[in-house]
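Working notes for the structure below.
Start at 1 and go down the list; that is how both ligands and their atoms are numbered. Scope of the values below: all heavy atoms of this structure, side chains included, with no hydrogens, waters or symmetry mates.
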Amino acid sequence: MPVNKLELLPAVDVRDGQAVRLVHGVSGSETSYGSPLEAALAWQASGAEWLHLVDLDAAFGTGDNRALVAEITGAMDIKVELSGGIRDDASLAAALATGCTRVNLGTAALETPEWAAKAIAEHGDRIAVGLDVRGTTLKGRGWTSEGGDLYETLARLDSEGCARYVVTDIGKDGTLTGPNLELLKNVCAATDRPVVASGGISSLEDLRALAALVPQGVEGAIVGKALYAKAFTLEEALKVVSA
Ligand SMILES: O=C(O)c1ccccc1NCC(=O)[C@H](O)[C@H](O)COP(=O)(O)O
């Protein structure tokens with residue numbers, strides 16, 4: 001169903017049991033923000049309708065936080081989008097079994113396209129694909145491996161029935177330098193599927209700029225660092241997007 005209000009997805013990225021934010025998604029660049037469950041509960045208490053929950057260890061292949069991710073998802077009354085390391089039947093089944101609303105596939109959509117197409121066919125709207133880019137080149141495996149051309153992959157995923165894309169400019173992620181609006185406009189022009197913007201949001205003005213792209217296909221925005229750095233509160237952000 002089309003939405004006319006920008007959805008906000010506050011992020012909780014989990015590394016080694018802690019809520020963290022990375023810069024450019026680089027392993028080792030993290031700042032720690034304490035208990036991920038407390039962070040998730042705080043976003044929920046502030047009025048969030050969504051939580052974007054990332055298992056960074058699973059994304060980087062340095063282990064996983066699967067039990068904690070399941071615990072956090074189970075504790076939420078709001079919708080949860082799970083991301084990070086969902087690449088095979090076992091990790092997909094575990095993610096879906098948490099009761100989350102949807103999962104993001106990343107590396108799998110690039111490296112095992114047949115498996116990803118099967119997951120999309122079986123689970124429809126519960127699957128989104130994360131398109132993580134530098135320029136127009138996709139990245140996989142915790143953003144360290146090359147994954148081909150953004151627009152070629154988008155056309156393939158569209159033809160396979162992918163319901164939605166989460167688009168991240170890696171150069172912006174965790175930097176508080178604003179979202180890549182040109183990239184988002186270009187992706188929206190290339191697909192009729194909804195797009196969730198991720199990475200770089202730094203101000204309420206950025207949220208207003210993203211809200212202006214809702215008619216073009218931007219459905220939501222993931223906000224991480226800005227909330228942890230207290231650039232604005234979630235209550236202020238929610239007010240901006242509902243205005
Ligand atoms: O989502 C992933 O699978 C992922 C994998 C590897 C590194 C980072 C990953 N996600 C990061 C996020 O989803 C961030 O929470 C999001 O882009 C927020 O960015 P920001 O507002 O710039 O802190």
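- At least one side-chain heavy atom of Val187 sits under 4.5 Å from a side-chain heavy atom of Leu150.
- For ligand 1, the polar-atom distance check finds an N/O of Gly200 within less than 3.5 Å of one of the ligand's N/O atoms.
- For ligand 1, the atoms sitting less than 4.0 Å from at least one non-hydrogen atom of Gly84 are 3 (O), numbered in the order shown with element in parentheses.
- The shortest separation from a heavy atom of Gly174 to ligand 1 is under 4.0 Å, placing the residue in contact.
- Within 6.0 Å of atom CG in Asp192, more than 12 heavy atoms from other residues, nucleotides or ligands are found, so the atom counts as buried in its surroundings.
- Within 6.0 Å of CD in Glu38 there are 12 or fewer heavy atoms belonging to other residues, nucleotides or ligands.
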Next item on the list: Test side chain to side chain donor-acceptor pair (under 3.5 Å) on Tyr165 and Asp158 and set out the steps.
Entry: CA-CA 10 Å; Tyr165 302 103; Asp158 267 3; 2.7 Å; yes
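- If you number the atoms of ligand 1 from 1 as listed, the ones under 4.0 Å from a heavy atom of Ile222 come out as 16 (C), 18 (C).
- In the displayed structure, Glu122 atom CD is contacted under 6.0 Å by more than 12 heavy atoms of other residues, nucleotides or ligands.
- Under 4.0 Å is where a charged nitrogen must lie from a carboxylate oxygen, and between Arg208 and Glu205 at least one such pair does.
- Under a 4.0 Å criterion applied to the non-hydrogen atoms of Leu56, ligand 1 contributes the atoms 6 (C), 7 (C), 8 (C), 9 (C).
- In the candidate list His24, Arg21, Lys172, Arg21 is nearest to atom 23 (O) of ligand 1, counting heavy atoms.
- Every atom of ligand 1 is numbered from 1 in the order shown, and the set under 4.0 Å from a heavy atom of Asp13 is 11 (C), 12 (C), 14 (C), 15 (O).
- Under a 4.0 Å criterion applied to the non-hydrogen atoms of Gly199, ligand 1 contributes the atoms 17 (O), 19 (O), 22 (O).
- Regarding atom 9 (C) of ligand 1, its nearest protein heavy-atom neighbour is Trp143 CZ2, 3.6 Å.
- Annotation for ligand 1: atoms under 4.0 Å from non-hydrogen atoms of Ala59 are 5 (C), 6 (C).
- With respect to Asp55 and Arg15, no salt bridge is recorded, no charged nitrogen being found less than 4.0 Å from a carboxylate O.
- Aromatic ring centroids of Trp43 and Tyr228 lie under 6.0 Å apart.
- Ligand-side atoms of ligand 1 in range of Lys225: 20 (P), 21 (O), 23 (O), range being under 4.0 angstrom from any heavy atom.
- For ligand 1, the polar-atom distance check finds an N/O of Asp173 within less than 3.5 Å of one of the ligand's N/O atoms.
- Using a 4.0 Å cut-off between charged nitrogen and carboxylate oxygen, Lys5 and Glu49 count as a salt-bridge pair.
- Among Ala11, Ser198, Ser83, the residue whose heavy atom lies nearest to atom 16 (C) of ligand 1 is Ser198.
- Annotation: Gly224 places an N or O atom under 3.5 Å from an N or O atom of ligand 1; distance criterion only.
- Here is the list of ligand 1 atoms found below 4.0 Å of a heavy atom in His52: 12 (C), 13 (O), 15 (O).
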Check: Checking side chain to side chain donor-acceptor pair (under 3.5 Å) for the pair Arg21/Ser29: CA distance, chi angles, key distance, verdict?
Finding: CA-CA 8 Å; Arg21 281 304 299 124; Ser29 68; over 6 Å; no
